[in-house]
**Student:** 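Pasting a structure here, questions to come.
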Amino acid sequence: MKRSRFSEAQIIGILKEHQAGVSAPDLCRKHGISDATFYNWRRKYGGMEVADAKRLKALEAENAKLKRMLAEQMMDVATLKEMLGKNF
């Protein structure tokens, strides 16, 4: 996944500027981002504080790790079942 040029703190700062009354096209020009990027950020980070965004990132990383562990366990179980099925 491509790494963003902006940190969560910067993104939330940009969104707070928008809440303060600066228009979206002006913000996009000022920070060099596209309209789509701005609205994606607003959808993902809207109403968050920096601590919330960091917690979200940590939870997403933990979720990905747990999904990988589950997939490995399922593969191990399937392999064991296959091996036991051949022996009997």
Side-chain angles (χ1 to χ4, degrees):
M1 191 165 129
K2 186 177 177 185
R3 189 178 164 281
S4 176
R5 293 185 303 158
F6 298 93
S7 67
E8 285 94 6
Q10 291 171 322
I11 292 169
I12 291 171
I14 292 169
L15 293 175
K16 287 195 184 287
E17 283 183 54
H18 179 64
Q19 289 175 347
V22 181
S23 70
D26 290 340
L27 280 174
C28 293
R29 251 189 318 276
K30 177 181 172 185
H31 295 286
I33 58 174
S34 70
D35 288 341
T37 299
F38 174 78
Y39 289 112
N40 284 334
W41 287 351
R42 194 173 76 175
R43 185 183 72 235
K44 185 172 182 179
Y45 297 106
M48 283 190 186
E49 295 296 326
V50 176
D52 297 334
K54 288 183 181 186
R55 178 75 177 136
L56 173 65
K57 192 169 194 162
L59 287 172
E60 287 175 343
E62 181 182 3
N63 193 28
K65 179 182 172 186
L66 291 173
K67 283 182 179 182
R68 275 194 307 276
M69 289 172 55
L70 176 63
E72 290 172 1
Q73 281 297 113
M74 290 174 71
M75 286 177 48
D76 290 344
V77 168
T79 304
L80 287 172
K81 283 183 179 178
E82 185 178 316
M83 295 302 286
L84 287 175
K86 289 182 179 178
N87 290 337
F88 292 108

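Position 1 is the first residue of the sequence, and the numbers go up from there.
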**Student:** Nearest 0.5 Å please: distance from the CZ atom of Arg29 over to the OG atom of Ser23.
**Tutor:** 7.0 Å
**Student:** Regarding Arg55 and Asp52, does a basic nitrogen lie under 4.0 Å from an acidic carboxylate oxygen?
**Tutor:** no
**Student:** Nearest 0.5 Å, what's the CD1-NZ distance between Ile11 and Lys16?
**Tutor:** 13.5 Å
**Student:** If you look at every heavy atom in Gln10 and Arg5, which pair is closest and at what distance?
**Tutor:** OE1-O, 3.8 Å
**Student:** How many angstroms lie between atom CG of Leu15 and atom NZ of Lys44, to the nearest 0.5 angstrom?
**Tutor:** 12.0 Å
**Student:** What is the distance from atom CD1 of Ile12 to atom CD of Gln19, rounded to the nearest 0.5 Å?
**Tutor:** 10.0 Å
**Student:** Of the non-hydrogen atoms in Val22 and Leu27, which two are nearest, and what is the gap between them?
**Tutor:** CG1-CG, 3.7 Å
**Student:** Within the 4.5 Å heavy-atom criterion, are Leu80 and Met83 side-chain neighbours or not?
**Tutor:** no
**Student:** Under a 3.5 Å distance rule, please check whether Asn40 uses its side chain to pair with a backbone N or O of Ala36 as donor and acceptor.
**Tutor:** yes
**Student:** Kindly give the heavy-atom pair with the smallest separation between His18 and Phe38, and that separation in Å.
**Tutor:** CG-CZ, 3.5 Å
**Student:** Measure across Cys28 and Asp35 and return the closest heavy-atom pair with its distance rounded to 0.1 Å.
**Tutor:** SG-OD1, 3.3 Å
**Student:** Nearest 0.5 angstrom please: Glu8 CD to Met48 CE, how far?
**Tutor:** 9.5 Å
**Student:** Output the distance between atom CG (Leu70) and atom CD (Glu72), rounded to the nearest 0.5 Å.
**Tutor:** 9.5 Å
